[in-house]
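These notes concern the structure reproduced below.
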Number of protein chains: 2
Amino acid sequence: MKRSEIDDSALELIASRFRLLAEPMRLKILHALGDVEMNVGELVAATGANQANISKHLAILLEAGVVSRRKDGLRANYRVTDESIFALCDVVCSRLERQLDLHREALATIRQI
Amino acid sequence: MKRSEIDDSALELIASRFRLLAEPMRLKILHALGDVEMNVGELVAATGANQANISKHLAILLEAGVVSRRKDGLRANYRVTDESIFALCDVVCSRLERQLDLHREALATIRQI
DNA sequence: TTACTATATAACGATATAGTGATATAGTCA
DNA sequence: TGACTATATCACTATATCGTTATATAGTAA
């Protein structure tokens with residue numbers, strides 16, 4: 001298979017994975033969750049967002065297999081089950097920090113002129 | 001800083017990074033590029049996409065610092081400068097493969113019943 | 001039963017952005 | 001100069017999806 005030939009459905013699959021994390025509110029939810037279990041109400045409080053909105057994002061994350069859901073009476077408890085999420089965020093954050101460092105250096109150099 | 005308190009602008013920055021990769025056509029471009037330099041026409045041929053579309057995606061990738069641009073006469077040559085992109089794709093692909101394996105196993109188990 | 005609570009979902013408007021055709025721009029060559 | 005080529009950009013349509021309000025659903029408790 002040439003580099004140029006890659007299955008479109010595979011590309012869509014990968015893209016959809018990135019699309020999951022391309023939303024600040026979903027990142028906020030995942031960050032709030034960390035490695036602990038939280039119910040919807042707690043996530044609403046932690047994020048300051050609308051309950052319907054949180055439920056919708058959780059449904060999306062659940063559908064994608066990023067979180068699991070455990071029903072307990074009226075409460076729905078969510079937990080991150082896909083640790084690779086955090087690895088992805090680490091790579092992105094490292095890259096962003098490095099990029100900012102480079103910009104800082106460039107500015108410092110210009111200032112000397 | 002509590003887990004729940006994270007700067008919204010930081011979240012937006014991280015999300016925008018993932019948004020870059022949340023588009024199949026951009027993934028296709030990056031995959032075609034790999035570690036070689038290609039001009040727009042070559043990328044149009046490699047992806048089978050519209051020239052205007054490729055140029056727009058390249059502008060987005062350039063603005064984000066993922067690729068660099070080297071003008072040579074009429075040609076514009078692009079090259080991936082942000083290797084972390086490939087690390088991200090690796091993580092995602094590994095995760096997707098694992099997820100498919102799990103589904104396969106689950107199906108095999110059910111079939112035995 | 002009724003009242004209450006937690007969560008999910010439907011419906012909607014607003015916004016963002018992908019893809020496309022037409023055109024502008026700039027370099028090359030006769 | 002004029003014709004041609006490669007790329008960028010404009011204007012537009014179509015589509016996706018976020019956030020919100022209202023409502024449905026299901027469990028709890030009196």
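First the proteins, then the strands, lettered A, B, ... as listed; each starts at 1.
At whole-Å resolution of the value, CG in B/N77 and P in D/dA6 are 13 Å apart. Taking atom CZ on A/R26 and atom P on D/dT17, their separation rounds to 9 Å, with Å as the unit. Whole-Å rounding puts the A/F18 CZ to D/dA16 P distance at 21 Å. Between the CG atom of B/L43 and the C1' atom of D/dA8 there is a distance of 15 Å, rounded to whole Å. Between A/L61 atom CG and D/dC18 atom C1' there is a gap of 14 Å when expressed in whole angstrom units. The separation between B/K28 atom NZ and C/dA18 atom P is 15 Å, rounded to whole Å. Rounded to an integer number of Å, the gap from CD1 of B/I29 to P of C/dA18 is 11 Å. In this structure, A/E63 places its CD atom 15 Å from C1' of C/dA8, rounding to the nearest Å.
Between A/E105 and A/T109, the side chains place no donor N or O within less than 3.5 Å of an acceptor N or O (distance only, hydrogens not considered).
The 5' end of DNA chain D is approached more closely, in terms of each residue's nearest nucleotide, by B/L58 than by the other of A/I60 and B/L58.
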Summary of protein contacts for nucleotides 19-30 of chain C, nucleotide by nucleotide, where a base hit scores B, a sugar-phosphate-only hit scores S (4.0 Å, heavy atoms) = BBBB---BBS--
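A donor-acceptor pair is defined here as one N or O able to donate and one able to accept, closer than 3.5 Å; such a pair exists between the side chain of A/R79 and the backbone of A/D35.
Taken to the nearest 0.5 Å, the CZ atom of B/R69 stands 14.0 Å off from the CZ atom of B/R75.
In terms of the side chain to side chain contact (heavy atoms under 4.5 Å, CB included) criterion, residue partners of A/D72 (sequence neighbours excluded) are, by chain and number, A/R70, A/N77.
Screening residues 81-100 of chain A for salt bridge (Lys or Arg N to Asp or Glu O under 4.0 Å) gives A/R17-A/D82, A/D82-B/R95, A/R95-B/D82 as the qualifying pairs, with residues at least two apart or on separate chains.
When the side-chain nitrogen and oxygen atoms of A/Y78 are compared with OP1 and OP2 of C/dA6, none of them lie within a distance under 4.0 Å. The side chain of A/R19 contributes no N or O atom lying less than 4.0 Å from OP1 or OP2 of D/dA16.
Within 4.0 Å (heavy atoms only), B/L62 reaches no atom of the nucleic acid at all.
Side-chain contact between B/L21 and A/I14: absent, with no pair of heavy atoms (C-beta onward) separated by less than 4.5 Å.
Placement of B/L62 and B/F86 within a single hydrophobic cluster is found when ILVMFWY residues are connected by side-chain heavy-atom separations under 4.5 Å, directly or transitively.
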